[in-house]
Amino acid sequence: MFSGAIARVDGNPDSGETVEVRASDGALLALAAYSPHSQIRARVWTWDDREIDASFFVRRIEDAASARTALALDEAGDAMRLVHGESDGLPGVVADRYGDTAVVQILSAGAERWRDAIADALCSVPGIECVWERSDADVRELEGLKPRTGLLRGAALKPEHIIHEHGLRFRVEIDAGHKTGFYLDQRDNRLLLRKLSRGKDVLDCFSYTGGFAINALQGGAASVLAIDSSELALASARANAKLNGLPEAELLEADVFQSLRRLRDQARTFDVIVLDPPKFAPTAAHAEKASRAYKDINLLALKMLRPGGFLMTFSCSGGVSADLFQKIVAGAALDAAADVRIERWMHAAADHPVALNFPEGEYLKGLLCRVAG
Ligand code: SAH
């Protein structure tokens with residue numbers, strides 16, 4: 001609930017305190033967590049008239065876990081998103097599972113107040129022995145919260161984990177990696193790349209620890225070039241290739257915008273190009289600048305694709321809608337004079353659900369495009 005939608009606050013609730021949200025006629029609408037420092041002044045825990053206590057968090061986390069079990073998500077491996085914030089009924093709480101460890105991000109004042117209950121509830125998920133906190137995301141600042149990281153529950157302190165994803169192994173550093181350590185949302189799209197890669201020359205832009213590149217190698221790519229600006233991420237990509245007994249990809253520590261220009265100037269061409277950039281537009285206010293950046297890289301990539309080649313292009317920007325993203329890629333194709341078809345729309349994996357009343361939860365959108373042969 002945005003601050004502008006609130007006519008009056010009775011009393012002086014603490015940061016994170018549970019408050020009743022009432023309509024102008026006094027009818028109870030919801031129980032919510034109060035965030036005095038944020039534009040989002042109240043985050044709804046429940047629309048029902050029930051108490052918010054430790055057992056509420058146990059029930060919500062159990063329910064999130066049973067949805068994943070029902071979808072047999074563990075068949076893909078031992079790493080998955082256990083709690084996807086608002087969409088699992090727990091605004092401000094993200095928890096990813098890496099084997100026996102849950103890595104949690106506590107991102108709102110309400111979640112902060114219930115940190116212990118949330119950590120305990122995560123421990124009650126079968127197979128979870130350890131809870132590690134990675135509450136160092138920028139959004140905490142908007143809630144007036146300081147960064148916090150470290151072990152919350154369990155004894156084993158193992159910041160490095162080896163996870164399994166669709167038969168491949170990846171090293172995840174839960175204390176130093178991005179977000180909670182790994183981009184679980186791209187799991188199924190990485191598998192899709194694997195299927196497209198046999199005998200192909202593949203370019204993986206914004207490769208991080210090599211998620212896409214390793215899948216291309218596993219799929220029998222003739223060559224893989226992976227580009228990322230982070231030396232640490234590329235070191236992990238190298239380790240991940242070795243871990244799977246795969247040949248090393250060609251790794252380039254560089255800025256993708258500049259590298260794509262250089263590759264174009266060298267007249268390099270590829271059969272498959274992956275573009276998985278970071279969030280260019282966190283909110284709609286950044287949409288225009290972000291659109292230019294997306295168009296730039298998509299245009300360059302389309303120009304370097306051979307006939308019959310595939311472009312796997314993504315946006316994880318909340319501020320760029322799926323519709324706008326498709327228009328940007330269409331504009332890039334037009335400028336590249338490329339005859340392009342969308343073969344598939346791609347999304348985050350099913351452990352990243354989207355609540356119908358929170359469509360913003362659908363942040364990752366991807367297009368699998370094919371240039372006419
Ligand atoms: N595809 C990856 C996730 C990509 S995350 C996976 O499947 O795991 C985005 C990556 O882009 C990060 O690793 C970050 O280091 C990198 N990055 C951000 N800006 C960049 C730039 N301008 N040039 C190159 N890499 C960049």
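Just follow the structure's listing: the first ligand is 1, and inside any ligand the first atom is 1. Being a predicted model, the structure only gives us computed values, none of them experimental.
- Ranking protein heavy atoms by distance to atom 6 (C) of ligand 1, first place goes to R190 NH1, 3.5 Å.
- The ligand atoms of ligand 1 that sit less than 4.0 angstrom from a heavy atom of H178 are 12 (C), 13 (O), 14 (C), 15 (O).
- Atom 15 (O) of ligand 1 has its closest protein heavy atom at D228 OD1, 2.7 Å.
- L243 belongs to a hydrophobic cluster whose other members, connected by ILVMFWY side-chain contacts under 4.5 Å either directly or through intermediates, are I162.
- Checked for salt-bridge contact, D351 and R97 miss the test: no charged N lies under 4.0 Å from a carboxylate O.
- Here is the list of ligand 1 atoms found below 4.0 Å of a heavy atom in S230: 15 (O).
- Surrounding NZ of K179 are more than 12 heavy atoms belonging to other residues, nucleotides or ligands, all under 6.0 Å away.
- Taking every non-hydrogen atom of F212 and a distance limit under 4.0 Å, the qualifying atoms of ligand 1 come out as 1 (N), 7 (O).
- For the ligand labelled ligand 1, residue I227 lies outside the 4.0 Å heavy-atom shell.
- D255 OD1, 2.7 Å is the protein heavy atom nearest to atom 22 (N) of ligand 1.
- Among F182, F206, F280, the residue whose heavy atom sits closest to atom 11 (O) of ligand 1 is F206.
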For residues 366-373, dump all side-chain donor-acceptor pairs below 3.5 Å to protein atoms at least two apart in sequence or in another chain.
none

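- Taking both residues in full, the closest heavy atoms of Y208 and H178 are given as OH-N, 2.8 Å, listed atom of the first, atom of the second, then distance.
- Ionic pairing of R68 and D74 is not present here: no N-O contact between side-chain nitrogen and carboxylate oxygen is shorter than 4.0 angstrom.
- When heavy-atom distances to ligand 1 are checked against a 4.0 Å cut-off, S259 has no atom that comes that close, whether in backbone or side chain.
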Exercise for the section: Show your working on side-chain hydrogen bond (donor to acceptor under 3.5 Å, both in side chains) between Q218 and N244 and close with a plain yes or no. Expected result: CA-CA 8 Å; Q218 176 74 9; N244 291 285; over 6 Å; no

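- For atom 17 (N) of ligand 1, the choice among S229, A226, G210 with the nearest heavy atom turns out to be S229.
- Within a 6.0 Å radius of CG in D138, no more than 12 heavy atoms belonging to other residues, nucleotides or ligands are found.
- Of the protein's non-hydrogen atoms, P278 CG, 3.8 Å is the one closest to atom 19 (N) of ligand 1.
- Atoms of ligand 1 found under 4.0 Å from any heavy atom of A254, numbered from 1 in the order shown, are 23 (N), 24 (C).
- Ligand 1 has no atom lying under 4.0 Å from any heavy atom of C205.
- Among all protein heavy atoms, the one lying closest to atom 23 (N) of ligand 1 is V256 N, 2.9 Å.
- Within the listing of ligand 1, atoms 2 (C), 3 (C), 4 (C), 8 (O), 13 (O) sit less than 4.0 angstrom from a heavy atom of Y208.
- Residues L28 and I6 do not share a hydrophobic cluster, clusters being chains of Ile/Leu/Val/Met/Phe/Trp/Tyr side chains in contact below 4.5 Å.
- The residues D185 and R190 are annotated as not salt-bridged, no charged nitrogen and carboxylate oxygen being separated by less than 4.0 angstrom.
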Practice task
Go through the steps to decide whether S321 and D323 satisfy the test side-chain hydrogen bond (donor to acceptor under 3.5 Å, both in side chains), and finish with yes or no.
Solution key: CA-CA 5 Å; S321 66; D323 190 40; 5.1 Å; no

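- Close contacts between ligand 1 and Y183 involve ligand atoms 3 (C), 5 (S), 8 (O) [criterion: under 4.0 Å to a heavy atom].
- For ligand 1, the polar-atom distance check against P277 finds no nitrogen or oxygen pair separated by under 3.5 Å.
- Shortest contact from atom 3 (C) of ligand 1 to any protein heavy atom: D276 OD2, 3.3 Å.
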